[in-house]
Amino acid sequence: MSFQDIFGCEPAVTATAPGRVNLLGEHTDYNDGYVLPTAIPQRTTVAMRPNSQAEFIVYAADLATEARFYRDEGPGDHFAQYVHGCIRGIEALGVKVPVLDIHVESDVPIGVGLSSSAALEVATLRALRELLRLDIDDVRIAQIAQRAEIEFAGVNCGIMDQMASSLADTRSVLFLDTRTLERRLLPMPPRTELLVLDSGISRSLAASGYNERRAQCEEAATRLGVGALRDVDDPAAVEALPDPLRRRARHVVTENARVLRAVDGVDAAEFGRLMNESHASLRDDYEVSVAPLDRLVELLQAHPDVHGARLTGAGFGGACVALCREGTASGVARRVLAGYAADGHAGRQLVPAAEEGA
Ligand code: GLA
């Protein structure tokens with residue numbers, strides 16, 4: 001149902017933002033490291049209009065559900081907490097946000113590691129920027145969105161997802177230094193196409209496992225006497241750490257090196273090799289993969305039209321990404337998903353968006 005159907009009038013403003021898929025640089029952003037995401041075609045659209053009630057109303061068209069909350073009292077454990085967090089983030093700038101009717105519509109897959117929450121936050125903040133004529137740029141939007149996620153949704157995340165949703169596009173990859181926020185839009189490796197598959201395994205441990213990994217990285221950095229693992233310049237020092245800190249730190253150090261290598265103008269085959277190495281490192285050293293996801297990645301890596309594949313996002317289930325030869329992604333998906341089904345798992349194609357009824 002549209003804004004008009006729910007609220008009986010047209011919205012004052014409408015804004016959109018995309019989900020993202022990360023190609024390399026996983027679990028590096030909260031270590032001040034490097035990342036390489038790109039936007040996916042799926043987007044979240046947020047429409048809003050001031051109302052004359054006491055409560056904010058958020059209607060999510062795809063979930064056919066509504067949440068109500070007050071400025072000082074959030075909606076609890078609900079998708080609308082991200083919207084509430086963004087409103088509070090704008091108010092923290094000293095701006096009064098009027099009570100609003102809000103309509104959310106999205107085709108970004110939820111809960112698979114493609115940043116549906118960042119897309120919701122960035123679209124909400126873009127709509128608020130337009131409605132209230134705020135002088136804030138896209139980086140500031142990403143920073144407010146990240147704070148909303150940490151403070152109101154309880155995931156101690158880095159800034160990659162929000163920067164990607166706010167600044168990336170689907171034609172290039174965003175090379176971002178998460179410490180300085182310096183960034184460059186780079187071309188995709190020539191004659192390639194991305195494929196994103198959902199493993200069908202839900203990411204139930206994601207929040208607790210994520211926060212635990214982050215704490216381990218901070219401890220490793222302290223023991224190594226550096227501000228963040230990004231600053232490790234002697235990989236041998238990492239080998240002296242006790243396990244599991246040694247393997248956690250080794251992942252971060254080698255992953256940062258892989259991103260820097262990839263942006264050094266490598267060809268598709270080398271880019272793919274770096275993705276394969278990244279998956280192995282996430283599986284063995286960082287331990288954020290699960291067996292069915294490993295199987296799906298292995299099937300992708302074995303396909304002759306795939307340069308490389310890896311899990312993407314926080315891990316613990318969710319999606320994986322493959323770099324394919326141009327024009328082959330949907331064919332690769334069919335073959336690989338059939339193999340995955342033969343093993344008793346139900347995966348699905350997310351990017352390119354599968355055709356209706358296919
Ligand atoms: C989640 C977080 C990001 C990043 C990735 C892992 O998506 O929100 O900040 O840490 O996991 O690379």
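The first residue in the sequence is number 1, and the count goes up from there. Order of appearance sets the numbers: ligands from 1, and atoms from 1 within every ligand.
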**Q.** ring-ring contact (aromatic ring centres under 6.0 Å, His included) partners of residues 233-268, not counting sequence neighbours, each pair once
**A.** H251-Y286

Q) For Y59, what are the other residues in its hydrophobic cluster, where any two members join if their side-chain heavy atoms are less than 4.5 angstrom apart? A) M1, F3, I6, F7, I57

Q) Would the H27 and Y210 ring centres measure less than 6.0 Å apart? A) yes

Q: Enumerate the residue pairs fulfilling salt bridge (charged side-chain N to carboxylate O under 4.0 Å, His left out) with a member in residues 262-272, sequence neighbours excluded, ordered by first and then second residue.
A: R261-E270, E270-R273

Q | Near ligand 1, at a heavy-atom separation below 4.0 Å: residues by chain and residue number | A | R20, E26, H27, D29, Y30, C157, G158, M160, D161, Y210, A314

Q.
Is it true that N276 and Q301 share a donor-acceptor pair across their side chains at a distance under 3.5 Å?
A. yes

Q) Would you say the side chains of N51 and D101 form a donor-acceptor pair under 3.5 Å? A) yes

